[in-house]
Amino acid sequence: MISIWLIPGIIVIILIIATVKRVPSYEVFVEGSKEGIQIAISLLPFLLGMMVSIAIFQASGAMGAILAFFQPLMTAIGVPADILPLALIRPISGTAALSVTTELIRTHGPDSFIGQLASVMQGSTDTTLYIITVYFGAVGIKRMGDALKVGLLADLAGIIASVIIVIILFH
């Protein structure tokens with residue numbers, strides 16, 4: 001019940017404070033909206049490039065080749081190969097990863113090892129490439145430095161940790 005009234009309450013509080021301080025709230029809101037639109041427009045090339053790259057990656061069959069390459073290793077360490085698409089797509093796209101997770105849970109069930117692993121992996125990793133694209137694009141950073149390497153390394157640590165934790169807790 002509190003969550004329903006939280007955002008309208010915050011807006012009312014902001015309007016009351018603006019009125020007390022004699023700030024022209026509507027004009028300030030319009031100026032802020034203009035800045036938001038400019039930021040959104042400046043992000044479009046980065047987002048478009050990332051979406052095209054994902055589509056090319058999936059349409060080229062590279063995903064299938066990578067899955068086929070790693071399947072024997074996954075089987076050898078006792079982790080189902082069905083989870084590999086989630087591990088590969090999660091750093092790239094949150095929406096695609098959520099779609100993969102939903103399909104894994106629908107296919108194998110939420111209480112299955114794969115369903116539990118997909119859920120923990122979804123929460124233990126992040127969309128590193130998306131975050132770097134949006135945030136670096138918003139502030140105009142062209143050179144990423146080591147941010148991409150560290151982000152992908154953190155995703156790998158999250159994937160490995162999620163496998164270990166799910167095996168220890170649920171298997």
Side-chain angles (χ1 to χ4, degrees), residues 3 6-8 10-11 14 27-71 73-74 77 79-108 110 113-166:
S3 63
L6 188 62
I7 292 178
I10 290 172
I11 291 171
I14 289 171
E27 288 78 11
V28 171
F29 172 76
V30 169
E31 286 301 316
S33 298
K34 287 179 185 175
E35 290 178 23
I37 290 172
Q38 290 173 348
I39 289 172
I41 290 172
S42 70
L43 288 177
L44 283 177
F46 299 103
L47 292 174
L48 184 63
M50 186 179 71
M51 287 191 281
V52 168
S53 300
I54 292 170
I56 290 171
F57 180 70
Q58 291 176 336
S60 69
M63 176 72 89
I66 291 171
L67 292 176
F69 180 78
F70 283 108
Q71 187 164 5
L73 175 67
M74 300 291 285
I77 61 174
V79 176
D82 292 344
I83 203 74
L84 196 54
L86 176 61
L88 292 175
I89 205 74
R90 178 68 175 144
I92 299 170
S93 170
T95 305
L98 187 58
S99 173
V100 171
T101 301
T102 302
E103 187 59 33
L104 287 171
I105 290 174
R106 184 179 302 138
T107 302
H108 300 283
F113 178 72
I114 291 176
Q116 292 167 336
L117 182 56
S119 299
V120 173
M121 191 177 291
Q122 181 81 19
S124 302
T125 56
D126 212 338
T127 55
T128 300
L129 294 176
Y130 177 80
I131 289 170
I132 287 175
T133 300
V134 170
Y135 292 134
F136 282 31
V139 294
I141 296 174
K142 301 267 190 255
R143 298 175 59 196
M144 290 182 253
D146 293 330
L148 180 62
K149 295 174 202 166
V150 171
L152 291 176
L153 191 61
D155 284 332
L156 179 63
I159 290 168
I160 292 170
S162 62
V163 169
I164 292 170
I165 289 170
V166 169

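If you're wondering where the values come from, they're calculated on a predicted model, not measured in any experiment.
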Tightest non-hydrogen contact, residues Pro91 and Asp155, listed as CB-OD2, 3.3 Å
Rounded to the nearest 0.5 Å, what's the gap from CD1 on Ile89 to OG1 on Thr101? Could you check? 11.0 Å
Where is the tightest heavy-atom contact between Ser93 and Ala96, given as atom of each residue plus distance? OG-N, 3.2 Å
Measure the shortest side-chain to side-chain distance between Ile83 and Met74 over non-hydrogen atoms and say whether it is less than 4.5 angstrom. yes
Expected output: side-chain Ser99 to main-chain Thr95 donor-acceptor under 3.5 Å: no
Give me the atom names and distance for the closest heavy-atom approach of Asp82 to Leu104. O-CD2, 3.5 Å
Does a side-chain heavy-atom distance below 4.5 Å link Arg106 with Thr102? yes
Calculate, to the nearest 0.5 Å, the distance between atoms OG and CD1 belonging to Ser42 and Ile37 respectively. 12.0 Å
Considering all heavy atoms, the nearest Ile66-Phe57 contact: CD1-CZ, 3.8 Å
Indicate yes or no: at least one non-hydrogen side-chain atom of Leu129 is less than 4.5 angstrom from one of Leu148. yes
More than 12 heavy atoms of other residues, nucleotides or ligands under 6.0 Å from CD of Glu27: is that the case? yes
For Ser119 against Ile105, the heavy-atom pair lying closest together: OG-CD1, 3.6 Å
Roughly how far apart are Leu152 CG and Thr125 OG1, rounded to 0.5 Å? 11.0 Å
Of all heavy-atom pairs linking Phe113 and Val166, the shortest is CE1-CG1, 3.5 Å
Distance check, rounded to the nearest 0.5 Å: Leu156 atom CG versus Thr128 atom OG1? 11.0 Å
Taking the side chain as every heavy atom from C-beta outward, state whether Leu117 and Leu86 have any atom pair closer than 4.5 Å. no
Atom CG of residue position Leu44 - does it have more than 12 heavy atoms of other residues, nucleotides or ligands inside 6.0 Å? yes
Are any non-hydrogen side-chain atoms of Gln71 and Leu84 less than 4.5 angstrom apart? no
Donor-acceptor under 3.5 Å (Arg90 side chain, Met121 main chain): no
